[in-house]
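Contents: one structure, followed by commentary.
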Number of protein chains: 2
Amino acid sequence: MMSVAVSPLDKFREYLATKSKRLTQERAIIVEEVFSDHEHFDADQLVERMQQREDGRRVSRSTVYRTLKGLEEAGLLRKVARNDNREVYEHDYGYPQHDHLICKNCGSLTEFTNESISKVLEEVSSDHRFRMAGHRLEVYGICEKCSGPVQRRHPMLDRI
Amino acid sequence: MMSVAVSPLDKFREYLATKSKRLTQERAIIVEEVFSDHEHFDADQLVERMQQREDGRRVSRSTVYRTLKGLEEAGLLRKVARNDNREVYEHDYGYPQHDHLICKNCGSLTEFTNESISKVLEEVSSDHRFRMAGHRLEVYGICEKCSGPVQRRHPMLDRI
DNA sequence: GTTATTGCAAACCATTTGCAAGTGT
DNA sequence: ACACTTGCAAATGGTTTGCAATAAC
C-alpha cells in the first residue's frame, strides 16, 4: 500500500516551483484529464480527449506534448512502451510499481507486479556500481484472447 | 555455453528461403558488416559503416533499413533500446540472453545476465496465459563512470 | 512590468515507400 | 522470363520548435 500524501496537481506544482515554471490553466487541465483515470494512453489520445472536453477548455497539441514532458520529469508519468510508433504513458505516482505483457497481435497491455524483479535489478545495479533510477520491462508475446479464439475457429474439432 | 551450428549468413539464408526472398549481394554485405563485431549500433551508424567500406561495395540507406527489419524477423538481431531517438540493435544469435543498464548521462549500455529474470517472466506469462516470445528490459540510471568523477570534483573534500 | 507560456504553422528527423531500373533463381 | 530488390527521391508521421500574442507571477 502506497500512501499518496499529495495530489498529482500539488506534486506538479512543487516541481514547477523548483524550476521557476508556472502553473498555467492549460497545465492544470491536462493534469486533471490525465489523472481522471488509470488507463494507458499516448500523446495523440490525450490531445483528442482535450479537444472533446465539454467545458470547452481546449489545449493545443504543442502544449500537450510540452506538458507530458514536464509530467514525466516531475515523476508523475512514465513511458512504458511504444505502440504504433507512439510512446505510451502511464501514471507513475500513487500507483504501485509494475511491468507489462504486451500483445504483438492486438497491442493490449497487461500489468503485472513481481517483487523479485526489482530485487534482482537492485542487486545487479549494485554489482555494477550503477545507480538505478528506474526501469522499463516489456514482455512481448501473444495474449490469452488472441491466442485462443483465433486459432480455434472450430472449437469442437480440437478434441479429435 | 550456446553452440552456434550455423553462421549468421546461413541462418539468414534459411529465413529468406522460407519467405521466398533472395540472398542478394547487398544483404550478404550487410550481414558481414553487422556480424563483424559485437557492438551495439543504430541504423545510421550502420549506414555510415557501409559507406566507408574500402571495397566500395556500397549499400543504400533504404536497403540498410529494409535488411535490418529482415534480420530482426530472422532472429539475428533485436532492438534493445532507443538512444537519441534511434533504435539500437544488437546480435540476437550466437550470443547469450542478457539485458542492459542504460546510463542516462552518457548513453552507454552495459550488458548483464541474470537467470532468475527469465524464470520469473515465464512464470508470470504462464499465470496470465500469455505466450511470451521475448522481452526488453532497460534499466535506467547513472553508470559508474558518470557518477564517479563528475560528482567528486574535489575528492579530498569527500572525507570532511 | 517581467518572464514564462501558449497556439499556430513550419521544421525536424528517423523510418518508410512508390517506382523504374537492375538482379537472383 | 518471372518475381523480388535496389536506389533514389519523395512521403510519412510523431514530436519539436520559432515566434508573436497572451497570461502568470
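Every chain is numbered from 1 and lettered A, B, ... according to where its sequence line falls, protein lines coming before strand lines. Since this is a predicted model, take the numbers as computed values, not measurements.
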Notebook entry, point to check: Take atom CD in A:Glu73; do more than 12 heavy atoms of anything else shown fall under 6.0 Å from it?
Noted result: yes
Check: Just wondering, are more than 12 heavy atoms of other shown residues or ligands nearer than 6.0 Å to CD in B:Gln25?
Finding: no
Roughly how many Å is it from [atom1] in [X] to [atom2] in [N], rounded to a whole number?
X: A:Asp44; N: D:dT15; atom1: CG; atom2: C1'; answer: 11 Å
X: B:Arg86; N: C:dT16; atom1: CZ; atom2: P; answer: 14 Å
X: B:Lys19; N: D:dC4; atom1: NZ; atom2: C1'; answer: 15 Å
X: B:Arg61; N: D:dG7; atom1: CZ; atom2: P; answer: 13 Å
X: A:Leu46; N: D:dT15; atom1: CG; atom2: P; answer: 12 Å
X: A:Asp84; N: C:dT16; atom1: CG; atom2: C1'; answer: 14 Å
X: A:Arg27; N: C:dG7; atom1: CZ; atom2: C1'; answer: 14 Å
X: B:Glu48; N: C:dA14; atom1: CD; atom2: P; answer: 12 Å

Notebook entry, point to check: How is A:Ser62 classified with respect to the nucleic acid when contacts are heavy atoms under 4.0 Å: base, sugar-phosphate, or nothing?
Noted result: base
Next item on the list: Determine the contact category for A:Lys69: base if any of its heavy atoms lies under 4.0 Å from a base atom, sugar-phosphate if only primed atoms, P, OP1 or OP2 are that close, otherwise nothing.
Entry: sugar-phosphate
Nucleotide N/O to protein N/O under 3.5 Å, stretch nucleotides 21-25 of chain C:
residue : atom : partner : partner atom : Å
C:dG24  : N2   : B:Arg22 : NH1          : 3.4
C:dG24  : N2   : B:Arg22 : NH2          : 3.1
C:dG24  : N3   : B:Arg22 : NH1          : 3.3

Counting N and O atoms only, with roles assigned by atom type, does the side chain of [X] sit under 3.5 Å from a partner on the main chain of [Y], one being a donor and the other an acceptor?
X: B:Tyr93; Y: B:Ala74; value: no
X: A:Asn83; Y: A:Gly107; value: yes
X: B:Arg58; Y: B:Gln51; value: yes

Notebook entry, point to check: So, is B:Ser60 near the phosphate of D:dT6, with a side-chain N or O under 4.0 Å from OP1 or OP2?
Noted result: no
Checklist line | Beyond-backbone contact of A:Arg49 with A:Asp37, side-chain heavy atoms, under 4.5 angstrom | finding: yes
Notebook entry, point to check: Can you tell if the side chain of A:Leu77 reaches within under 4.5 Å of the side chain of A:His91, non-hydrogen atoms only?
Noted result: yes
Next item on the list: Could you pick out which residue, B:Tyr65 or A:Arg66, lies toward the 5' side of DNA chain C when each is mapped onto its nearest nucleotide?
Entry: A:Arg66
